[in-house]
There are 2 protein chains.
Amino acid sequence: MTLARHIVLQSRPTGQPGQDNFRLEEFDLPEANEGDVTVRSLYLSLDPYMRGRMSDAKSYAAPVPVGGAMEGEAISEVVKSRHNNFAPGDIVRGRTGWSSGAVINGDQLRRVETHGAPITTSLGSLGMPGFTAWSGLKFIGKPTQGETVAVAAASGPVGSMVGQLARLTGARAVGIAGGAEKCAFVKGELGFDAVVDHRSDSFASDLQAACPDGIDVYFENVGGHVWNGVLPLLNQFARVPVCGLVAHYNGAGSADTDQLPATMSTILRRSLLVRGFIQTEFAADHFDEFLDEVGPRVASGKIRYREDIVNGLENAPEAFVGMLSGKNFGKLIVKIAE
Amino acid sequence: MTLARHIVLQSRPTGQPGQDNFRLEEFDLPEANEGDVTVRSLYLSLDPYMRGRMSDAKSYAAPVPVGGAMEGEAISEVVKSRHNNFAPGDIVRGRTGWSSGAVINGDQLRRVETHGAPITTSLGSLGMPGFTAWSGLKFIGKPTQGETVAVAAASGPVGSMVGQLARLTGARAVGIAGGAEKCAFVKGELGFDAVVDHRSDSFASDLQAACPDGIDVYFENVGGHVWNGVLPLLNQFARVPVCGLVAHYNGAGSADTDQLPATMSTILRRSLLVRGFIQTEFAADHFDEFLDEVGPRVASGKIRYREDIVNGLENAPEAFVGMLSGKNFGKLIVKIAE
């Protein structure tokens, strides 16, 4: 038996989660069966969708049971393999959870391929967040030359890719971010055409000034008051891929009055397309295409990214809780081992 | 000069319009220029979208000015023609307004073609409402064999077509209507698979019982509390064409609490497609296809419809006001002349 450590869901949060909703535990790795691979975790990805897994509300995925290990994707090194595709030393990616190690069927692992970029990018710009941006634009947003694409959480792993990919299609990218430091990064480092601080009292008018021709694609990943600023600016036939609603995950994001009639009537009057999606819908058929197209650009530095790397599995809960209130800056990753 | 009568917008309504927002006036028909056609109105179509034209809120179409003639589509007989395509006695359809007659450029008229059905169907099942149903299903809802299609105002001109067209594709049609008489018509006459009365206290559970496999296409034409009943039943990848929001037109339809987060999170979790549309988006390219496909079925009685015909232009305001609160039963038409 090999001892490992993982983080379990101690209790379900009501509203904003706290560190006390989590617990670090030791556990014995199970026996490896034929086809299984034993891995040692290196980097764990922390993502907003995990908030949903902590609740037992009906969702697209089953919740984590109380007392069960938190789910998540990590990069690992293969230690032992009973699967033909993998050998010790291989670097792989898979849903091995908030854990220092795992035994998992090799069919559920994917070899890390980053075209020469650091392996952590396979959790960010070349992983699920990057693919969310790419597939949401390619299959739903479909920006064209000269159109305006707006995205919130623009310094984050999805938003930063949305703006940079939009610019590659000839569209104008307008980022929305919280605070001067993130805004400076979005415009200065990521090269967005404009950026607006959603914490400003003049957010709505700032956004309008930044979008003189309105908005043709709004990539929705936050919800809340940002949406209220975007809504009046959406052009006829605008497209709204919805991949996340961070502002709502903790039960916040509600207004004092009913905001639904304004949204529905705008959808009607402007012939809007609003489409929710989870990247898994497109991953099986298109992930390799994404990697071939975007990988070399990330490796060469043409597409930029920022990572926020926290050391130690035991610090994952604090980092996750902070992320939900916007404290991280860049793709949040927990380094578990060298 | 020829004297005619029309109904003008006397004042803009706040909330539910009343008859005092309208005024009947006499006016002189203008001189006909080269290309113009002089028509005598026979049947005027009254439709919910006209409520929007009475307000000066930003919309997809300019509002009717105060003191201006109410806009609308009518069937007319050509009296004089200075256009090569038309001759006296022709029966035509065009946006000639709430008026007993008009002078209009012939390029803006369409010869009435109903494949042998009564000419009034060109304002209903074979006109704009029928085309709204057909194009919303064909280009947005895309129901397939065995799926469930739900529609509100199911006894109305759009809803009745949505359900019958859905059944022709092999889908199951669930109608929502107000009151026992309309419900009986939807199931008994129109042949929907199930019908639910939205005025019942048990509406939400009745709808759930009527949709044991959930809802794959919800054709949204009313909004308000019906939407709240539909939302929890929408299946993954469900499609929601939005062509009208009658419940909101008078400023009603709002709840005491913010309903937007529930809608947005369902859009996300179930990967919903919500798409507003106005039939004009598709009419230029597809109206003839629609007429060829649906016309013979309406003429033969395979597709059924119901008309609510009111006599006399002077009674149009009362009929229109009643329609907005669901008093009409079937496609509302005003007979202006024999």
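In what follows, chains carry the letters A, B, and so on, assigned in the order in which the sequence lines appear, proteins first and then strands, with residues in each chain numbered from 1.
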Sequence-distant partners of B:Ala154, side chain to side chain contact (heavy atoms under 4.5 Å, CB included), two or more places apart: B:Val151, B:Val186, B:Phe192
Identify which of B:Val242, B:Leu272, B:Val240 forms the greatest number of heavy-atom pairs closer than 4.5 Å to chain A. B:Leu272
Give the C-alpha distance, both sets of side-chain angles, the deciding distance and a yes or no for side chain to side chain contact (heavy atoms under 4.5 Å, CB included) between B:Trp227 and A:Leu260. CA-CA 10 Å; B:Trp227 173 248; A:Leu260 181 59; 3.6 Å; yes
Are more than 12 heavy atoms, taken from residues, nucleotides or ligands other than A:Gln208, located less than 6.0 Å from that residue's CD atom? no
State, to 0.1 Å, how close B:Ser271 and A:Arg275 come at their nearest heavy-atom pair, and which atoms those are. O-NH1, 3.8 Å
Working to the nearest 0.5 Å, report the span between CD of B:Glu220 and CE of A:Met264. 5.0 Å
Would a 4.5 Å heavy-atom cut-off, applied to side chains only, mark B:Ile267 and A:Val274 as touching? yes
Short question: side chain of B:Asp258, backbone of A:Asp258 - any donor-acceptor pair under 3.5 Å? no
Those residues at least two apart in sequence (or on a different chain) that pass side chain to side chain contact (heavy atoms under 4.5 Å, CB included) with A:Thr169 are A:Pro143, A:Ala171
From A:Gln236 CD over to B:Ile278 CD1, what is the distance, rounded to the nearest 0.5 angstrom? 8.0 Å
With only heavy atoms counted, which part of A:Leu273 is less than 4.5 Å from chain B, the side chain, the backbone, both or neither? both
Point-to-point distance, once rounded to the nearest 0.5 Å, from CZ of B:Arg269 to CG of A:Leu245: 10.0 Å
